[in-house]
Amino acid sequence: MAISSFKAKSTAAVGDQITRLVAQAGQIILGQDENLKLALTCLVAGGHLLLEDLPGVGKTTLAHTLARLSGLEFQRLQFTSDLLPADIVGTSIYHRERHAFELHQGPVFTQVLLADEVNRATPRAQSALLEAMEEQQVSIEGKTHPLPRPFFVIATQNPRDQIGTYPLPESQLDRFLMRLSLGYPAPSAERELLRGQDRRSLLATLDPVLDAATLCQLQAQVDTVHVAEPLLDYVQALLKYSRHDVEFVQGLSPRAGMGLLRAARAWALVNGRGHVVPEDVQRVLPKVVTHRLQALDLAVPVSRLVTRLLEAVAIP
Amino acid sequence: MTARLTPTTLLWCLVTLTLALLPHAGRFSIGLLAVFALLVTWRWLGAISRVPLPTRDHLVLWIFKQVLALAAFLVIYIHYRGQIGRDAGLALLTALLGLKVLELESERDVYVLSFLAYFLVVTNFFYSQSVPTALYMLAVVVAITASLVRFNSALETFSHFACLRLAGTMVAQATPLMIAAFLLFPRLPGPLWGLPQDAFSGVTGLSDTMTIGEITRLGASDEIAFRAQFDGIPPRAADLYWRGPVLWDTDGRTWRAGASGHGPATPIIKLGPVYAYTVLLEPHGERWLLGLDAVTNVGDTARAHADLSLVARNPVKKRLRYRLESAPVYAARALSATERAAALTLPYARHPKALALARQWRVANPAPAALVARALDYYREQGFVYTLLPPALPRDSVDQFLFETHAGFCEHYAASFVVLMRAAGVPARVVTGYQGGEFNDVSDYLVIRQRDAHAWAEVYLPERGWVRVDPTAVVAPSRLSLGIDSLRTARTPLAILDRNSTAVAAWRQMTALWDAANFQWAQWVLGYSAQRQFALFTSLGFDAIDIASLMFALTGALAILVGALALVMFRAREVRDPLVLAYARFCGKLARVGLTRAPHEGPVAYAERVAATRADLSVEVTRISQLYTALRYAELPLNRALLERLIRKFKTTRRSGG
């Protein structure tokens, strides 16, 4: 049905499809259209998503819904302190009848991986996941195995719960393109939530709007979104400001800059535009940079500094 | 490096140097000018043809050049009789500049010559500081700068016009610095260096001696003597007696001020309104000052004598600005014994006829007031005429005038009247000065020219003190009510026209405007003295200004100005895209109705905000912002002109009809 129409790759059509996808997902995750769209943007940009929120606000449902609607395989992995790398990537097991080792694929061999409470695992386990995220492949006993495409990790962590956890170091936070917080639902959305049936069971009634191949095409199409020189000037001005502003411990890395531009391109595409405007950059910037920056003064929330950053840099 | 001096660049140097020298042409002897012109031509021929130049390669010519230099020194020394002054110095500079032109070869020579040309510009101000001089010199500065631009432009790719334009821009950019330096550079109370002795050789004006026939020269002169600006309404024309030197002593032909009236001033009694005013006196090289008769408050520049004349501390060698207060109706009763004696002294054995006549009157009516009336009646009855071209008086001038020619002007009347009074036993003295003035209604001040020079008499009446008697007024009342113009014969081409014709009116209006410009120039530019600088800073709220703080302010101001200029130029380079400029105009239009775009606000977000507050503009604003975004961020090959047209037509005042 709708899948075939994606092949007519006009950006406006992409915008329509995304709108439809968000509308569908909005039936499951109430009152989170903007975050849904951002999560989709992250998916289209080919980046990974970090959800930082309290338990029970719908992180898992969001991941499920995205996977379902995109027509992707879904795996969930609960991180615990005794989780081993092999539990993530899999292991080789000797097959007696065939006298050969056979790869037992771990949960990472999927298209959408929900890594729940990623900060509960030891750094060893974390780094196994992060390697997979970065390289799009895993090494098991000296052999590399490519991961399926697309490969999209949604990691969650609980910011309040700090006892017995291993917070992700900045270098690893950098691997996530975006960080989102869902927050509590709005009263009207919550009302509907309370009144309606279970969201997970509703999920089964949805038909996928995309498929893996279409998503890969979309990801390729992100590169064709036009970025004009003045916009590059703007992005550079933002990066430069973050590096010169004394309120940050350190400025944004070039990787952060590339991620910002890619996210802005994907956001433009998701909105059905073939070019990036400064507003795209402004929209995605807080999601892309907040987890990569640290305030010198711990009492000041980074999000406030990021808002100030956006207000301080003039659009050239 | 030497290869850079192409004939074109050389021509630039020579022309600009000549331009800088041009105003001096009338101030030198023809010989010097001829030598300079020859040297310049020689250098020019050397560049465009095979005429040899006096380099070391041509020993004979080289020696000739050295001889020429020595000769120039000698000739100038002899010509100016060893007086090292302004004129001699300039003549020497000109001669050496001509010789330097011959040597013009290396890069360094070009710079030396250019800077000497700049200096030559400055020297012009030793002679004239008028507005036309300043304008001409500004143009020459641009030309010299353009010559340097030409010389420095890589491979001389700049066109002549481009050189001039760049130089003009540079000079314009330097203007704020010039103004700051002008306002803030510490002014010394006196001149920075004394002007040489010969600076006032040709200045005309009243002097403190009067020989019959002298004011005639002034009578023909349109030169400005001084200007006066009253705080309120000026007094009526007939009261405008500007008092200059008072003359007490005479040898029968020449009147001199002498020392009789130089005692300490005694206060006068004001009998009418007091006028406060500012005088801007042209330099005349003497010490005396002018004030409306009689000055009641001399301010701090002038000092008053017992005879009510004013003097400055030093000879007036540059334009002098001072404030006075005067009461045209007054009584001056003081008369010391010395003064009485001086006011009755007549030269021995002169004017026998006049003396006889006066004695005759005195016998008939000894009352001083009656004697004054009798003398004035004499002028009236005997058919005296007022003329600026009186017959010569080779013998006893007073007797000849009183009894033979009966024709003369103010000097004749004043001098003869004082002689008659003294002979009749009434103390009397001659007062010189100016009478009247032309009101400039562009800037509300009076212009008093040399032709307004006047002389009148004062007699001492026991009951009233010193009383002004103007015998000229008896003979030619219009001299006072209409000014001297009414009595002058056709001298100017305009005088043959009807006095009230539009051409004359327009001409008068133009001269008034021109003089007003000159007045403001003199007032604010040339007259910007240490006191005015001090006053400026006091009015700005600074006090206790000394040279150190001025230098500090100057340095600060220059730094700020240079910084601001650099910033502006830097900015200007950044924002040159016409698209961005057009969009900035669009934002500016909206900003005027309170919808200012924040610097960080994107065009789409801005358009949405504007559309939300001004629904009537939403269609246009959305269209413009979409087009702008498409052009700037999508870089689509769309019509830029369309956007510019839309923005030009865009009006924020429009309201939707329904």
Side-chain angles (χ1 to χ4, degrees), chain A residues 10-12 14-15 34 221-242 244-245 260-261 263-286 289 304-316, chain B residues 567-591 595-613 618 621-640 642-644 646-647:
Chain A
S10 103
T11 46
V14 173
E34 193 74 2
Q221 203 177 343
V222 169
D223 292 330
T224 66
V225 172
H226 185 80
V227 175
E229 286 294 318
L231 195 104
L232 288 177
D233 289 342
Y234 182 48
V235 170
Q236 280 198 300
L238 288 165
L239 296 177
K240 189 176 164 195
Y241 185 90
S242 79
H244 289 190
D245 189 356
L260 175 62
L261 194 62
R265 279 177 143 158
W267 178 258
L269 183 67
V270 159
N271 283 287
R273 240 181 304 105
H275 58 271
V276 183
V277 294
E279 284 87 344
D280 296 330
V281 177
Q282 292 177 342
R283 187 65 193 91
V284 298
L285 182 125
V289 306
R304 189 186 298 166
L305 292 184
V306 169
T307 312
R308 207 182 291 164
L309 162 85
L310 278 178
E311 282 170 2
V313 178
I315 295 171
Chain B
L567 203 70
V568 166
M569 291 169 76
F570 197 67
R571 280 272 170 85
R573 193 165 299 168
E574 267 183 358
V575 188
R576 207 161 269 177
D577 189 349
L579 192 65
V580 179
L581 289 177
Y583 187 66
R585 263 203 308 283
F586 167 69
C587 297
K589 284 183 176 181
L590 285 168
L595 293 163
T596 312
R597 180 180 153 255
H600 67 271
E601 200 170 16
V604 179
Y606 182 50
E608 279 168 9
R609 186 164 65 89
V610 172
T613 38
S618 90
V621 167
T622 310
R623 189 168 176 215
I624 288 172
S625 111
Q626 272 173 355
L627 198 51
Y628 171 70
T629 317
L631 283 165
R632 185 154 169 83
Y633 295 108
E635 296 180 309
L636 295 175
L638 297 174
N639 188 357
R640 282 167 170 252
L642 173 67
L643 178 70
E644 284 172 24
L646 280 177
I647 288 176

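Chain naming here is simple, since letters A, B, ... match the order of the sequence lines and numbering starts at 1 in each. Below, each value reflects all heavy atoms present in this structure, side chains not excepted, and no hydrogens, waters or symmetry copies.
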Taking only distance into account, so ignoring hydrogens and angles, what donor-acceptor contacts under 3.5 Å exist between chain B and chain A?
{"residue": "B/P599", "atom": "O", "partner": "A/I315", "partner atom": "N", "Å": "2.8"}
{"residue": "B/H600", "atom": "O", "partner": "A/Q282", "partner atom": "NE2", "Å": "2.6"}
{"residue": "B/H600", "atom": "ND1", "partner": "A/E311", "partner atom": "O", "Å": "3.3"}
{"residue": "B/V604", "atom": "N", "partner": "A/E279", "partner atom": "OE2", "Å": "2.6"}
{"residue": "B/A605", "atom": "N", "partner": "A/E279", "partner atom": "OE2", "Å": "2.6"}
{"residue": "B/R632", "atom": "NH2", "partner": "A/P316", "partner atom": "O", "Å": "3.0"}
{"residue": "B/E635", "atom": "OE1", "partner": "A/H226", "partner atom": "NE2", "Å": "2.7"}

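- Contacts of B/A634 with chain A are made by both backbone and side-chain atoms, with heavy-atom separations under 4.5 Å.
- Take A/L261 and apply the side-chain contact (heavy atoms from CB on, under 4.5 Å) test, not counting sequence neighbours, and it matches A/V227, A/L231, A/L232, A/V235.
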